[in-house]
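One structure is given below, encoded as structure tokens.
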Amino acid sequence: MGLLLTKLMTVFGDREHKVIIVGLDNAGKTTILYQLLTKEAVHTSPTIGSNVEEISVRNTRFLVWDIGGQESLRASWISYYCNTEIVILVVDSTDRERLTLTKAELHRMLAHEDLQNAAILVLANKQDVKGSMSVAEISQNLTLSSITAHPWHVQACCLLPASLDWMRSRVIAN
Ligand code: G3D
């Protein structure tokens, strides 16, 4: 019975894929998590610790952890890395001053052995704000083209359905 159930779960893609949402405080991580769930904007307050939600994309299930991005909490990101298949890095496209810090956090994270098989989705958030950095500018400043050990994808996050399709294609590919 247990074996049958396992087989059925495999056929129907019941395995849950772990996703972490990281980024500096105020980047919009919690907003995005709840947009993924409800496709609506929500009122958020700064994340203390983490939020976790399950998201299903055409029979593929993701367990999504939104991790607090304040400086004091960034050291704890590491404890969420184990078994993570997708890292969503949310970037505040209006925050030019802290893009260098985001870059440092990104490359430090990617060097961690627990993330060696993870794919990276960079979401350039707050594209609705006039004067925000373009996706190309953010990619260049984060030196995304230097990332060769991980599949990665960058996009403006107003295209969330396309992000979900990309996440699904990554875990199906493995
Ligand atoms: P965090 O979880 O990364 O810390 P939040 O960030 O999701 O709490 O969002 C921080 C602030 O940015 C929130 O505003 C939120 O409404 C806003 N925000 C998130 N995404 C967008 C976006 O795409 N465009 C714009 N213009 N604002 C966004 P408040 O005022 O509640 O602090």
task: Verify, without hydrogens or angle tests, whether Trp152 (side chain) and Ala119 (backbone) share a donor-acceptor contact under 3.5 angstrom.
output: no
- line: Between Phe62 and Glu16, the two heavy atoms sitting closest are C-CG, 4.4 Å
message: Using a 3.5 Å distance criterion without hydrogens, assess whether the side chain of His153 forms a donor-acceptor pair with backbone atoms of Leu121.
response: no
message: Does Met109 form a side-chain contact (heavy atoms from CB on, under 4.5 Å) with Leu115? I'd like the steps, not just the answer.
response: CA-CA 7 Å; Met109 205 167 50; Leu115 290 179; 3.5 Å; yes
Pairs where residues 109-125 contributes a residue and the test side chain to side chain donor-acceptor pair (under 3.5 Å) is met, not counting sequence neighbours: none
field: Side chain to side chain, His107 and Ser146, heavy atoms closer than 4.5 Å
entry: yes
query: Are Leu123 and Val129 grouped together when hydrophobic residues (ILVMFWY) are joined by side-chain heavy atoms under 4.5 angstrom apart?
result: no
query: Does Thr84 reach the main-chain N or O of Tyr80 with its side chain, forming a donor-acceptor pair under 3.5 Å?
result: yes
query: Considering residues at least two apart in sequence or located in another chain, which fulfil the salt bridge (charged side-chain N to carboxylate O under 4.0 Å, His left out) criterion with Glu137?
result: Arg96
- line: Residues Val135 and Gln155: closest non-hydrogen pair is CG2-C, 4.1 Å
query: How about Ile55 and Leu63: do any of their side-chain heavy atoms sit closer than 4.5 Å?
result: no
field: pair Glu97-Asp95: side-chain heavy atoms closer than 4.5 Å
entry: yes
- prompt: Does Cys82 offer a backbone N or O that forms a donor-acceptor pair with the side chain of Lys18 under 3.5 Å?
  reply: yes
message: Rounded at 0.5 Å granularity, tell me how far CD1 in Ile21 sits from CG in Leu33.
response: 4.5 Å
field: Minimal non-hydrogen separation, Thr60 against His17, with atom names
entry: CG2-CD2, 3.7 Å
query: Is the closest side-chain heavy-atom distance between Val91 and Leu142 below 4.5 Å?
result: yes
task: Give the minimum heavy-atom separation between Val154 and Ser139, together with the two atoms involved.
output: CG1-OG, 3.5 Å
message: salt bridge (Lys or Arg N to Asp or Glu O under 4.0 Å) for Arg98 and Glu105? Distances and angles first, verdict last.
response: CA-CA 11 Å; Arg98 294 198 301 167; Glu105 294 288 358; over 6 Å; no
message: Minimum heavy-atom separation for Ser56 and Arg61, please, with both atom names.
response: OG-CG, 4.0 Å
- line: Heavy atoms of Ser93 and Ile138 approach each other most closely as OG-CD1, 3.4 Å
query: Has the side chain of Lys29 got a donor or acceptor atom that lies under 3.5 Å from a matching backbone atom of Leu24?
result: yes
message: Once side-chain hydrogen bond (donor to acceptor under 3.5 Å, both in side chains) is applied, do any residues pair with Thr94, and if so which ones, sequence neighbours excluded?
response: Asp92
query: Is Ile78 reachable from Val22 through a run of I, L, V, M, F, W or Y residues, each pair having side-chain heavy atoms under 4.5 Å apart?
result: yes
From Ile88 atom CD1 to Ile120 atom CD1, the distance as rounded to the nearest 0.5 Å: 10.5 Å
